[in-house]
Amino acid sequence: MPPTDRIRDHAGQGATTVAAHRARRRLRADRARQLADLLRRQLLTDGFPDGAFPHESTLATEYRASRNTVRQALDLLRAEGLVERLPGVGTVVVAQKFPHGLDRLMGLAETLREHGRVTNEVRTMGPVAAPAPVADRLRVTPGADVLYIERLRRLNGLPLSLDLTYIPLDLGTALLGADLENTDVFRLLEAITGQRLGQAEITLEAVNADANSAAVLEAPRGAAVLMLERLTHLADGRPVDLEFIRFRGDRITMSGLLHRAL
């Protein structure tokens, strides 16, 4: 075989080896991500009641994965702030996510009542001229005053969400002297109007926390937060509460029960 052909053949074998190595790494990364999803689910549903994960070899056997794949999966959970590796102990749970249902219309204190006490720090409150998108959704005249409320909401003292709320002023005026620090706005609106709340339109997306929001929520700058936009109506259909809620994504998990309809 001529020297040039041997060089080409060797280079081709090298390229094949590199490609195979990269393919193995991608496959292991895929399996690690799949395993991390399964372990995260167990973690969030008290699948490890003593707070400690099984040994890596046990996880490898149970999930038919290599030790490297298990380590990589645990690294993903550690990067999320959910677990930590302690010398002589192993991998332990260091964070908790609280469940927030999406199939019932409830205030935060009502939703999390089984997990502790929700308190509200009212950072800003007062009338503002309604921006056009707010006026449109609340069905008020553009530029008309609405009540604006900004609250930092804590669960057992831990920052959980930053809520920006707009309410028509004829209802909002009655909230000015209310106990917003310890009471959900939903309950107050029902008391003021004498009506039950009816339904809400929601949009949920992930956004990066701006510097101010991150500081208020005591989260890393640029961290992903869950943004919930919710427009709530009274039972008679009137829109009365437009909210933009930034949840710390490392402390909340959203869930709901869906029914298929064709």
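Computed from a predicted model, the values in this text were never measured in an experiment.
You'll find the side chain of Arg78 reaches within 4.5 Å of the side chain of Glu84, heavy atoms only. Using a 4.5 Å heavy-atom threshold, the side chains of Phe53 and Leu43 count as touching. Taking the side chain as every heavy atom from C-beta outward, Leu226 and His100 never approach each other to under 4.5 Å. Val146 places none of its side-chain heavy atoms less than 4.5 Å from the side chain of Leu242. In this structure, Leu138 and Ile167 have side chains that are not in contact, with every pair of non-hydrogen atoms separated by 4.5 Å or more. Put simply, the side chain of Gln72 does not reach to within 4.5 Å of the side chain of Arg31, judged on heavy atoms. At least one side-chain heavy atom of Asp241 sits less than 4.5 Å from a side-chain heavy atom of Phe186. No side-chain heavy atom of Asp103 sits less than 4.5 Å from a side-chain heavy atom of His259.
Under the 4.5 Å side-chain contact rule for hydrophobic residues, Val207 and Leu162 share a cluster. Cluster membership for Leu38 and Val83, using ILVMFWY side-chain heavy atoms within less than 4.5 angstrom, is shared. Under a hydrophobic clustering in which Ile, Leu, Val, Met, Phe, Trp and Tyr are joined whenever their side-chain heavy atoms come within less than 4.5 Å, directly or via other members, Ile202 and Ile245 fall into the same cluster. Leu231 is not connected to Leu234 by any chain of hydrophobic side-chain contacts under 4.5 Å among Ile, Leu, Val, Met, Phe, Trp and Tyr, and they are in different clusters. By the criterion of side-chain heavy atoms lying less than 4.5 angstrom apart, applied directly or through intervening Ile, Leu, Val, Met, Phe, Trp or Tyr residues, Leu86 is grouped together with Val94 in one hydrophobic cluster.
Atoms OH and OG1, from Tyr148 and Thr165 in turn, are 8.0 Å apart once rounded to the nearest 0.5 Å. In this structure, Met227 CE and Asn208 CG are separated by 11.0 Å, a value rounded to the nearest 0.5 Å. Here the CG-CG distance, from Leu160 to Asn120, works out to 10.5 Å after rounding to the nearest 0.5 Å. Distance check, rounded to the nearest 0.5 Å: CG of Leu76 to CZ of Arg33 gives 8.5 Å. With values rounded to the nearest 0.5 angstrom, Arg123 atom CZ is found 7.0 Å from Leu152 atom CG. With values rounded to the nearest 0.5 angstrom, Phe98 atom CZ is found 6.5 Å from Leu158 atom CG.
Across Met106 and Arg230, no two heavy atoms sit closer than the pair O-NH1, 4.0 Å. Nearest heavy atom pair, residue Pro159 against residue Arg251, reads O-NH1, 2.8 Å. Across every non-hydrogen atom of Leu169 and Leu147, the tightest pair is CD1-N, 4.0 Å. When all heavy atoms of Leu155 and Gly116 are compared, the closest pair comes out as CD1-C, 3.7 Å. Scanning all heavy atoms of the two residues, the minimum distance from Leu176 to Met125 falls at CA-CE, 3.6 Å. Considering every non-hydrogen atom in both Lys97 and Asp250, the closest pair reads CG-O, 3.5 Å.
Remark: of the listed residues Thr253, Leu217, Ile252, Ile252 is the sole one forming a side-chain contact (heavy atoms from CB on, under 4.5 Å) with Phe247.
Formation of a donor-acceptor pair under 3.5 Å by the Asn156 side chain with backbone atoms of His115 is found in this model. Formation of a donor-acceptor pair under 3.5 Å by the Thr193 side chain with backbone atoms of Leu189 is found in this model.
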Practice item. Apply side chain to side chain contact (heavy atoms under 4.5 Å, CB included) to Val240 and Leu197, showing your working. Key: CA-CA 9 Å; Val240 292; Leu197 296 176; 4.2 Å; yes

Review point. Can Leu180 and Leu188 be said to form a side chain to side chain contact (heavy atoms under 4.5 Å, CB included), step by step?
Key: CA-CA 9 Å; Leu180 288 171; Leu188 294 171; 3.5 Å; yes

Exercise for review: Under the side chain to side chain contact (heavy atoms under 4.5 Å, CB included) rule, what do Ser161 and Leu108 come out as? Steps first, then yes or no, please.
Suggested key: CA-CA 10 Å; Ser161 70; Leu108 192 65; 4.1 Å; yes

Practice item. Might you work through the side chain to side chain contact (heavy atoms under 4.5 Å, CB included) test for Leu39 and Leu59, ending with a clear yes or no? Key: CA-CA 10 Å; Leu39 295 175; Leu59 291 173; 4.0 Å; yes

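Salt bridge present: Glu229 and Arg137 bring a charged side-chain N and a carboxylate O closer than 4.0 Å. Between Glu110 and Arg187 there is a salt bridge, with a side-chain nitrogen of the basic residue lying less than 4.0 Å from a carboxylate oxygen of the acidic one. Classification of Arg113 and Asp184 as a salt-bridged pair fails, no side-chain N sitting under 4.0 Å from a carboxylate O.
Counting non-hydrogen atoms of neighbouring residues, nucleotides and ligands closer than 6.0 angstrom, the CZ atom of Arg67 exceeds 12 such neighbours. In the displayed structure, Asp179 atom CG is contacted under 6.0 Å by more than 12 heavy atoms of other residues, nucleotides or ligands.
Here Thr45 pairs with nothing under the side-chain hydrogen bond (donor to acceptor under 3.5 Å, both in side chains) rule; sequence neighbours left out.
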